[in-house]
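Worksheet: the structure to be examined is printed underneath.
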Amino acid sequence: MTEALTTDPSAGAGLRRPGEPAGRAAPRRDGRRLLRFWLRRPGLVLALLVLAAVLLAAFWPGLFTDRDPLRGAPAEILRPPGARHWFGTDELGRDLYARVVHGAALSLKATVLAVAVAFLMGSGLGLVAGFAGGWVETVLMRLVDVLLAVPGLFLSLAVVTALGRGTVQVALAVGVAGVAGFARVMRAEVLRVRHTAYVEAARLSGARWYAVLGRHVLPNALGPVLVLATLDLGTAVLAVSSLSFLGFGAPPPAPEWGALIAGGRDYLADAWWVSTLTGLTVAVLVLAVHRVSRALDGEGTGRR
Amino acid sequence: MRRYLLWRLAQAAGVLWAAYTLAFLLLDLLPGDPVAAMAGAGLNSTQVTPERLAELRAEYGFDRPLPVRYAASLGDALRGDFGTSVATGRPVADTLADALPPTLQLTAVALPLAVLGGGALALAATFTRHRKLRNLLLSLPSVGISLPAFWVGLMLIQVLSFRVPLFPAFGNDTAAGLVLPAVTLAVPAAVLVAQVLSRSLLEVLDEPYVGTARAKGAGRARVWFRHALRNASLPALTVVGVLAGQLTANAVVVENVFSRNGLGRITTDAVTVQDIPVVQGVVVFGALVFVLINLLVDLAYPLLDRRIVTSVRRSPA
């Protein structure tokens with residue numbers, strides 16, 4: 001693993017390097033190399049730290065703040081950021097930092113659910129299409145083409161119209177918009193793996209189709225799909241916060257990030273921090289996710 | 001060529017039909033009673049009697065079985081009738097037609113901004129010999145793609161209309177009011193252009209003919225603009241379809257940020273009150289834009305690169 005990881009530090013993350021060896025059996029003792037790998041990528045380390053912090057905030061917000069995200073103090077309305085309130089306070093005197101921290105749970109839940117929906121539905125479709133072939137493949141991939149033809153946001157809005165507003169509804173809506181991408185990548189990978197020698201060999205030696213699928217095709221086709229899933233995580237954070245910004249997320253007191261940013265737009269002139277700092281949090285998270293997914297894509301395995 | 005054209009037209013019509021069906025099924029099959037929602041939204045009251053509900057059902061044809069309704073609505077749609085808005089009672093086609101000009105205006109300004117901005121970024125990134133600068137420029141798109149579009153808009157408002165009052169923050173009245181929304185809308189699109197163009201530029205610059213041009217003594221500027229850019233911009237053309245879809249969708253959000261009239265207001269209003277016919281119209285419109293742009297791109301390809309006519313004219317995918 002480390003060998004593939006350390007070969008190429010800077011050039012073209014995200015570009016495919018097909019000729020690179022898979023280098024799996026690198027010895028564990030090579031700790032110094034691993035250390036150098038991390039030291040050369042301060043951005044990646046930072047990105048992982050950001051992700052860890054957001055995950056912690058989502059599950060244990062108490063670790064970061066002990067303030068109540070919903071209770072306001074009338075005496076402290078629209079205070080600028082300072083030692084007492086790191087992110088300042090909003091129009092009801094609620095601590096913005098506490099709201100952002102507690103909002104992580106809502107926004108992250110929606111994001112993960114969205115990616116899970118897209119991943120399961122999309123790769124399911126792609127797997128069946130690629131493995132079955134024939135008219136099944138034609139029908140399924142035409143369906144995917146149609147999903148691709150409608151802009152993702154419009155698909156999401158249609159789902160929200162049908163399901164109503166709320167965090168889970170938004171998550172499903174964003175998930176549906178992501179299905180097509182997963183289906184395409186999964187199908188391409190299955191097609192690639194299906195014609196390899198070891199799959200032919202498994203077939204010839206009499207393995208049942210589900211064994212071939214589960215033991216040989218799926219594990220070898222999954223890598224790029226998982227990379228797409230991490231990339232989609234960033235896209236989903238943005239899409240979820242967009243829908244929440246438009247007002248289709250959880251109803252008002254809930255501190256969803258998009259809603260927090262929307263809440264600050266009326267105070268842009270005299271309380272810059274409300275929208276700015278919340279939006280910055282979203283941007284930093286998405287940047288971190290993209291950095292990690294780029295690392296997984298280009299540097300993690302030599303396969304892509 | 002005529003057979004190719006007919007084939008592509010049929011394909012486009014097929015995608016549109018499928019998108020219409022998808023929107024219809026999505027909005028019809030998912031849980032939630034559209035009639036109850038309509039009644040609640042339209043009459044603005046919490047109490048709707050069961051009799052009134054049944055009446056509304058009959059009025060909008062929801063008492064008929066699904067296939068009948070689908071066939072009827074598809075027939076209407078083919079004649080250009082996309083139903084009437086539940087909230088306003090106006091035909092959906094008129095509602096969309098009224099909302100379109102401001103949105104079209106916005107995207108028409110944003111598109112050249114995006115192409116020029118993204119193109120300039122890609123050119124600068126590949127042209128510079130300064131390694132650090134190049135890495136910085138090449139990493140800008142990945143930063144740009146991480147910023148929520150609506151947040152970029154709010155930041156622009158904050159700085160360029162409240163701090164330094166250069167542009168109005170809201171409304172569609174003046175030409176100056178178009179600047180900030182257009183820039184906001186252009187950012188994500190420029191990112192896409194920059195990514196694709198810089199990748200294909202880097203590829204093209206490795207080609208032997210570029211080496212030949214340089215060996216013949218052509219200057220760097222000449223190599224970049226006369227030789228490399230021409231061939232590198234062909235792959236960039238393929239993303240124009242994606243770009244159009246992205247611009248249309250982002251316009252909805254950006255218009256909301258800047259409180260502009262247009263497709264965005266219509267759409268968010270319709271989603272809020274569950275105005276199903278309008279939402280369906282918007283979805284189909286989105287597909288129409290995508291299909292039309294891709295059709296144009298496909299037809300423009302052979303004009304730009306004559307080899308394509310003979311080689312991939314009938315690729316089915």
Side-chain angles (χ1 to χ4, degrees), chain A residues 10 12-15 43 141-143 145-165 172 176 234-235 237-239 241-243 245-248 257-258 261-262 264-265 268-270 272 275-276 278-280 282-291 294, chain B residues 14-16 18-19 21-23 26-32 34 37 135 142-143 145-152 154-155 157-158 161-163 169 199 202 244-246 248-250 252-253 256-257 264 267-268 270-272 274-276 279-280 282-287 289-291 294 317:
Chain A
S10 61
L15 292 181
M141 292 327 282
R142 283 291 158 274
L143 183 74
D145 283 349
V146 174
L147 283 176
L148 279 175
V150 181
L153 182 70
F154 288 178
L155 267 184
S156 298
L157 287 174
V159 175
V160 168
T161 311
L163 293 179
R165 42 188 290 183
L172 289 176
V176 167
T235 319
V237 171
L238 290 178
S241 63
S242 290
L243 287 177
F245 174 81
L246 290 175
F248 303 126
W257 287 345
I261 298 172
R265 64 194 293 190
L268 277 179
D270 34 36
W272 58 270
S275 288
T276 309
T278 318
L280 216 52
V282 177
V284 166
L285 172 61
V286 178
L287 259 179
V289 171
H290 281 167
R291 182 65 189 90
R294 225 169 54 209
Chain B
V15 170
L16 270 185
T21 311
L22 179 79
L26 201 62
L27 289 165
D28 206 271
L29 293 186
L30 286 176
N135 284 343
S142 60
V143 175
I145 213 168
S146 307
L147 305 176
F150 56 91
W151 182 69
V152 172
L154 289 180
M155 291 305 102
I157 291 180
Q158 187 170 297
S161 73
F162 289 148
R163 280 293 125 87
R199 193 175 307 161
L202 287 176
Q246 191 205 39
T248 322
N250 274 338
V252 169
V253 179
N256 184 288
V257 171
T267 311
T268 41
V271 175
T272 309
Q274 293 194 294
D275 195 341
I276 286 176
V279 175
Q280 200 175 335
V282 169
V283 170
V284 175
F285 174 76
V289 170
F290 183 83
V291 165
N294 274 316

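Reckoned from all heavy atoms, side chains included, excluding hydrogens, waters and symmetry mates. So that the names make sense, note that chain A is the first sequence line, chain B the second, and so on, each numbered from 1. Just so you know, these numbers come straight off a predicted model, no measurement behind them.
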Would you say [X] and [Y] make side-chain contact, with heavy atoms under 4.5 Å?
X      : Y      : value
B:W151 : A:L280 : yes
A:F248 : B:T272 : yes
A:V160 : B:V279 : no
B:V15  : A:D145 : no

Item to complete: In sequence, state the C-alpha distance, the side-chain angles, and the governing distance for B:I145 and A:L238, and then conclude on side-chain contact (heavy atoms from CB on, under 4.5 Å).
Response: CA-CA 10 Å; B:I145 213 168; A:L238 290 178; over 6 Å; no
Worksheet item: In terms of heavy-atom pairs under 4.5 Å, which option from A:V282, A:V150, A:L287 contacts chain B the most?
Response: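 Between A:V282, A:V150, A:L287, the count favours A:L287.
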Worksheet item: Top residue by heavy-atom pair count (under 4.5 Å) with chain B, among A:A283, A:A149, A:S242, A:S275?
Response: A:A149
Worksheet entry | Donor-acceptor pair, side chain of A:R265 and main chain of B:V257, under 3.5 angstrom |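 Checking the backbone N and O of B:V257 against the side chain of A:R265, a donor-acceptor pair under 3.5 Å is found.
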Worksheet entry | side-chain contact (heavy atoms from CB on, under 4.5 Å) partner of A:T161, the single match among B:I276, B:V283, B:D275 | B:I276
Worksheet item: Would A:L246 and B:F150 satisfy side-chain contact (heavy atoms from CB on, under 4.5 Å), going step by step from the backbone distance to the final call?
Response: CA-CA 9 Å; A:L246 290 175; B:F150 56 91; over 6 Å; no
Worksheet item: Will you find, in the side chains of A:H290 and B:S142, an N or O donor that is under 3.5 Å from an N or O acceptor?
Response: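 Judged by distance alone, the side chains do not pair up.
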Worksheet item: Checking side-chain contact (heavy atoms from CB on, under 4.5 Å) for the pair A:I261/B:L154: CA distance, chi angles, key distance, verdict?
Response: CA-CA 9 Å; A:I261 298 172; B:L154 289 180; 3.5 Å; yes
Fill in: Reported CG-to-CG distance for the pair B:N250 and A:L153, which is rounded to 0.5 angstrom
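The distance works out to 7.5 Å.
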Fill in: Contacting moiety of B:L22, where chain A heavy atoms sit under 4.5 Å
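The answer is the side chain of B:L22.
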Discussion item. Please classify the contact of B:A19 with chain A as side chain, backbone, both or neither, using a heavy-atom distance under 4.5 Å.
Written reply: both
Discussion item. Among residues at least two apart in sequence or on other chains, which ones pass side chain to side chain contact (heavy atoms under 4.5 Å, CB included) with B:T21?
Written reply: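 By the side chain to side chain contact (heavy atoms under 4.5 Å, CB included) rule, B:T21 matches B:W17, B:L25, B:Y70.
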Discussion item. Going by side-chain hydrogen bond (donor to acceptor under 3.5 Å, both in side chains), name the residues that satisfy it together with B:N294, two or more places apart in sequence or in a different chain.
Written reply: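 Listed in chain order: nothing, the list is empty.
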Discussion item. Please find the pair of heavy atoms, one from A:P151 and one from B:A249, that lie closest to each other, and give the distance.
Written reply: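 In terms of heavy atoms, the two residues are closest at CB-CB, 3.9 Å.
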Discussion item. Could you report the tightest heavy-atom contact between B:A18 and A:V146, atom names first, then the distance?
Written reply: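 That closest heavy-atom pairing would be CB-CG2, 3.2 Å.
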